[in-house]
Amino acid sequence: MRLLRFSFEHEPREKVELTGAQATMLATVYLRALDNRSDHPMLGDRWADEAVQRIDFDFSKFKMSSRNAASVAMRANVIDGWTREALQPGMTVLHLGCGLDSRFERVAPPEGVDWYDVDQPDVIDLRDKLFPASPHRRTIGSSVTAPDLLDEIPGDQPVLVIAEGLVMYLSEEDGLALLRRITHHFPSGELIFDAFSTLGVRLSNRFNPAVVHAGARLHWGIDNPKDLETSVPGLKLVTEWSFTDAPELDRYPAPMRAALRASGHITAIRRMGRMLRYRF
Ligand SMILES: C[S@@+](CC[C@H](N)C(=O)[O-])C[C@H]1O[C@@H](n2cnc3c(N)ncnc32)[C@H](O)[C@@H]1O
């Protein structure tokens with residue numbers, strides 16, 4: 001028989017007051033946390049869950065539930081898969097518009113990869129408090145549209161550019177300038193990003209809860225992904241992948257799955273929101 005005495009202390013929570021495009025990354029990390037808490041997670045991102053617990057922010061303002069988490073989890077899964085396939089020692093990774101995404105932890109890059117997480121300065125300030133840096137993983141607090149973005153990054157190795165949920169927030173002019181700067185700076189590389197069609201941009205601005213409740217606005221819609229080959233010399237389209245192709249759809253009841261897969265045969269629907277993969 002004895003008395004036990006315990007104590008505990010939570011890590012301090014970070015008060016966050018972001019709005020606009022920067023706040024949308026709170027919606028994505030929250031959805032990944034909800035996926036992680038579900039009975040059958042699609043992505044299983046425990047780092048997202050831990051980050052959300054450390055943040056003092058009213059996530060209910062996004063008016064989203066676990067129902068909204070599937071598309072974010074599917075998107076992250078396909079990008080993680082392509083990232084693992086592409087990663088090679090001696091490569092530079094630009095993780096643009098990284099928000100609080102734990103991709104570095106999830107894919108665990110091999111030795112010899114130089115990884116840069118890039119986002120606006122206020123997002124990077126928060127990120128640095130939640131995700132520890134390491135010698136091969138650095139953060140850059142800057143707009144991706146800054147002309148000097150790549151000045152400090154050695155341009156002598158192949159690059160893997162990952163931009164999840166970013167390009168639609170840029171103007172077309174800024175987006176193309178960024179892609180041209182990347183293809184000019186590095187000798188070769190691969191670019192992986194999701195893009196909405198112009199219809200997808202219009203619909204998201206009205207109905208996407210993360211965009212609407214963050215007070216953000218989407219701009220750049222990409223209809224035919226081959227058009228980028230003309231606008232950005234050297235770029236070659238490798239894959240256009242639609243959510244209607246996602247293996248995770250197999251979890252849905254047969255009629256819903258059949259309807260979603262069938263809708264993928266309609267180009268306008270396939271292109272509303274999909275993943276693009278280019279090489280140069
Ligand atoms: C929808 S969130 C996606 C965040 C992250 N990729 C993820 O999947 O969790 C959009 C992100 O793009 C960032 N962003 C938007 N415009 C940007 C810009 N011009 N420069 C840097 N980051 C930008 C926002 O700050 C935000 O973190």
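Whatever order the structure lists them in is the order used to number ligands and atoms, beginning at 1. Quick note: numbers below take in every heavy atom, side chains included, and nothing from hydrogens, waters or symmetry partners.
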Q: Answer with yes or no after comparing the ring centroid distance for Phe57 and Tyr30 against a 6.0 Å cut-off, counting only values under it.
A: no
Q. Quick one: does ligand 1 sit under 4.0 Å from the side chain of Ala27, the backbone, both or neither, non-hydrogen atoms only?
A. neither
Q.
Quick test of your reading of the structure: of Ile140, Leu26, Leu166, Val118, whose heavy atom lies closest to atom 23 (C) of ligand 1?
A. Leu166
Q) Where is the nearest protein heavy atom to atom 11 (C) of ligand 1: which residue, which atom, and how far? A) Gly97 O, 3.8 Å
Q | For atom 18 (C) of ligand 1, the protein heavy atom that lies nearest, with its residue and separation | A | Gln120 NE2, 3.4 Å
Q.
Between Asp117 and Trp115, does the side-chain hydrogen bond (donor to acceptor under 3.5 Å, both in side chains) criterion hold? Intermediate values first, please.
A. CA-CA 7 Å; Asp117 284 316; Trp115 185 289; 2.9 Å; yes
Q) Should Ala210 be listed as contacting ligand 1, given a heavy-atom distance under 4.0 Å as the test? A) no
Q: From the options Asn77, Ile192, Leu160, select the one residue that forms a side-chain contact (heavy atoms from CB on, under 4.5 Å) with Trp82.
A: Ile192
Q. What residue and heavy atom of the protein are closest to atom 27 (O) of ligand 1, and at what distance?
A. Asp119 OD2, 2.6 Å
Q: Answer side chain, backbone, both or neither: which part of Ala163 comes under 4.0 Å from ligand 1, heavy atoms only.
A: neither
(Q) Suppose we measure from atom 10 (C) of ligand 1 to each protein heavy atom; which comes out shortest, and what is that distance? (A) Gly165 O, 3.2 Å
Q. Within the side chain of Arg279, is there an N or O that forms a donor-acceptor pair under 3.5 Å with the backbone of Lys236?
A. no
Q: Look at atom 20 (N) of ligand 1 and find which of Val72, Val144, Asp101 reaches it with the closest heavy atom.
A: Val144
Q | Spatial distance of atom CG (Asp223) from atom CG (Leu199) [nearest 0.5 Å] | A | 8.5 Å
Q: May I ask you to list the atoms of ligand 1 that are less than 4.0 angstrom from any heavy atom of Ser143?
A: 18 (C), 19 (N), 20 (N), 21 (C)
**Q.** Enumerated ligand 1 atoms positioned under 4.0 Å from heavy atoms of Met25
**A.** 2 (S), 4 (C), 26 (C), 27 (O)
Q.
Is there a side-chain contact between Phe131 and Ser102 in this structure, where contact means two heavy atoms from C-beta onward sitting under 4.5 Å apart?
A. yes
Q.
I need the nearest protein heavy-atom contact for atom 8 (O) of ligand 1: residue, atom name and distance, please.
A. Arg32 NH2, 2.7 Å
Q: Verify the distance criterion only: is there a donor paired with an acceptor across the side chains of Arg103 and His95 at less than 3.5 Å?
A: yes
**Q.** Phe6-Phe8 aromatic ring centre distance below 6.0 Å
**A.** no
Q: Could you list the atoms of ligand 1 found under 4.0 angstrom from a heavy atom of Ser142?
A: 21 (C)
Q: Check whether more than 12 heavy atoms from other residues, nucleotides or ligands sit under 6.0 Å from atom CG of Leu4, and answer yes or no.
A: yes
Q | Nearest non-hydrogen protein atom, atom 3 (C) of ligand 1 | A | Glu164 O, 3.5 Å
Q.
Show the atoms of ligand 1 that are less than 4.0 angstrom away from any heavy atom in Val123.
A. 25 (O)
Q) atom 2 (S) of ligand 1: which protein heavy atom is closest, and how many Å away? A) Thr24 OG1, 3.3 Å
Q. If you measure from each heavy atom of Val29 to ligand 1, is any distance below 4.0 Å?
A. no
Q) Side-chain heavy atoms under 4.5 angstrom apart, residues restricted to Ile, Leu, Val, Met, Phe, Trp, Tyr: same cluster for Leu260 and Trp241? A) yes
(Q) For the CZ atom of Arg127 and the CG atom of Asp125, what is their distance to the nearest 0.5 Å? (A) 12.5 Å
Q.
Using a 4.0 Å cut-off to any heavy atom of Leu170, which atoms of ligand 1 qualify?
A. 19 (N)
